[in-house]
There are 2 protein chains.
Amino acid sequence: MSKGVRTRAAILGEALSLMSTDGLSGLTIGLLAERTGLSKSGLFAHFGSKEQLQVAVLQEAQACFTTHVIRPVLDLPRGLPRLEAFAEGWWAWNRSPPFPGGCPIQAASLELDDRPGPLRDEIAGAQRRLRAFIRQGAAMAVAAGHFRPGLDCTLFAFQMVGIAFAQTMTCRLLGEPEGLDFVRRAWRVQVDGALGTSQNQTGEMNHVE
Amino acid sequence: MSKGVRTRAAILGEALSLMSTDGLSGLTIGLLAERTGLSKSGLFAHFGSKEQLQVAVLQEAQACFTTHVIRPVLDLPRGLPRLEAFAEGWWAWNRSPPFPGGCPIQAASLELDDRPGPLRDEIAGAQRRLRAFIRQGAAMAVAAGHFRPGLDCTLFAFQMVGIAFAQTMTCRLLGEPEGLDFVRRAWRVQVDGALGTSQNQTGEMNHVE
DNA sequence: AAAATAAACGAACGATCGTGCTATTGTCAA
DNA sequence: TTGACAATAGCACGATCGTTCGTTTATTTT
């Protein structure tokens, strides 16, 4: 591992921390240089432009999410077990990601949703992949007989994303300590609504369209 | 209405538009002065500091939301009718608010959630009031017999906020035209899960904790 | 209409922004 | 160990940031 690669990785790590608290627009080259102990120009040379730096940071954020949340659950059996573990991992990530601030991907998603360009493409791709992961996870649960046949897995992913955002809102912005309870209960409601009728733990029948 | 007040209102209107696309941190005094046709110093004098301008913009955003979404539904009968109308109004607001960009309140919520100070207090208050409004709306539906007794109205509000964020994500960032369908269906699932059993339109029984 | 007050301007400030250069330092292979 | 090259520093640039100040122009009140 050459020097340049190592430095670049260190820069991206620090950039992620900075971005998690101050957002993509708060990620400034001068500040980042100061925190990494590099000169502005020395740091700049690693990326060529501000935008390329931002793209790299967004990619690093995705890689970090994959490492911390996605990868660990791939060892678990497909279907409900994996999905449940992913949910719990995601809630943990949202509440206390490995940065001082909140999830950079969520923040960037709302920051960039009205500004077309490479940055929005990058974060939109990340969100699409995340939803696809959830959708496939739900589909596996259907295939395994955990979830009822005919479940709309795209809607399932949509709802789960909503819970995640509501969590950030509750836990981070409002700072309510019972936020995680609401997350878990909302998630439980959603899972219960997707279960196969034979496994329906709460005795309710589920809506099939 | 004196001149100063009129100008201030015009500034805030333009500021809201600018903020909806570029975020709170993109709301710069120079740019805002240019768009309103004022000089930087002339504009600045209306607020005294950048932070006070930002606070004023956040308050203006709340007022605008109240006018467009909250106020109209207060004429409707309490309970489910009002709640349904509010939902539809909110989805419409999220998809195409009276600004070029997306909902400034949602954007600011994620932008400020890690930066304590007057700005975060302001937006946190807005979110708390919004949730209280939803919670009370659900409580009225319970009182009116539309929703089942024992419904957790706080959880209900939590879930609804989640749907709204997921909508912004889907409709704005990803630009999926069918986004509104998912919003309505997720909302329908939530409402169905809250209905009194006698009115349950989908034939499912509901989970009561 | 004159006096009093409010509103807006123009110019300047120090700071920081992103981005080019050139020079110097460090690293790695021959 | 030297030579090639990658990595970093230093410096400067035009632009823009938020802010202050004194002045000028509008508006409102007397």
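In the text below, chain A, chain B and the rest are named by the order of the sequence lines, each starting its count at 1. Source: prediction; values computed, not measured.
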Checklist entry - B/H46 side chain N/O closer than 4.0 Å to the phosphate oxygens (OP1, OP2) of C/dA6? => result no

Next on the checklist: Applying ring pair (Phe, Tyr, Trp, His ring centres under 6.0 Å) as the test, list every pair that has at least one member in residues 4-45 of chain B; sequence neighbours left out.
Outcome noted: none

Next on the checklist: What residues from residues 11-39 of chain B pass a heavy-atom cutoff of under 4.0 Å to DNA chain C?
Outcome noted: B/G37, B/L38, B/S39

Item to check | Per-nucleotide protein contact string for nucleotides 20-30 of chain D, where B marks a base within reach and S marks sugar-phosphate only (heavy atoms under 4.0 Å, - for neither) | outcome: BB------S--

Item to check | Contacts of type salt bridge (charged side-chain N to carboxylate O under 4.0 Å, His left out), residue B/D22, not counting sequence neighbours | outcome: none

Checklist entry - So A/F65 and A/W90, would you call those rings parallel, tilted or perpendicular, with 30° and 60° as cut-offs? => result perpendicular

Next on the checklist: I need the full list of salt bridge (charged side-chain N to carboxylate O under 4.0 Å, His left out) pairs touching residues 105-115 of chain B, with sequence neighbours left out, sorted by first then second residue.
Outcome noted: A/R172-B/D114

Next on the checklist: Using whole Å, what does the distance between atom P of nucleotide D/dT8 and atom CG of A/L43 come to?
Outcome noted: 9 Å

Checklist entry - Taking NZ from A/K50 and P from C/dG20, how many angstroms apart are they, rounded to a whole number? => result 14 Å

Item to check | Sequence-distant partners of B/A85, side chain to side chain contact (heavy atoms under 4.5 Å, CB included), two or more places apart | outcome: B/V73, B/L76

Item to check | Contacts of B/A15 that satisfy side chain to side chain contact (heavy atoms under 4.5 Å, CB included) - sequence neighbours left out | outcome: B/L27, B/L32, B/V57

Checklist entry - Across the strands shown, which category fits B/A45 at heavy-atom distances under 4.0 angstrom: base, sugar-phosphate, nothing? => result nothing

Checklist outcome for this item: residues 9-40 of chain B vs ring pair (Phe, Tyr, Trp, His ring centres under 6.0 Å), sequence neighbours excluded, gives none

Checklist entry - What residue pairs, at least two apart or across chains, pass salt bridge (charged side-chain N to carboxylate O under 4.0 Å, His left out) with a residue in residues 74-91 of chain A? => result A/E84-A/R188, A/E88-A/R184

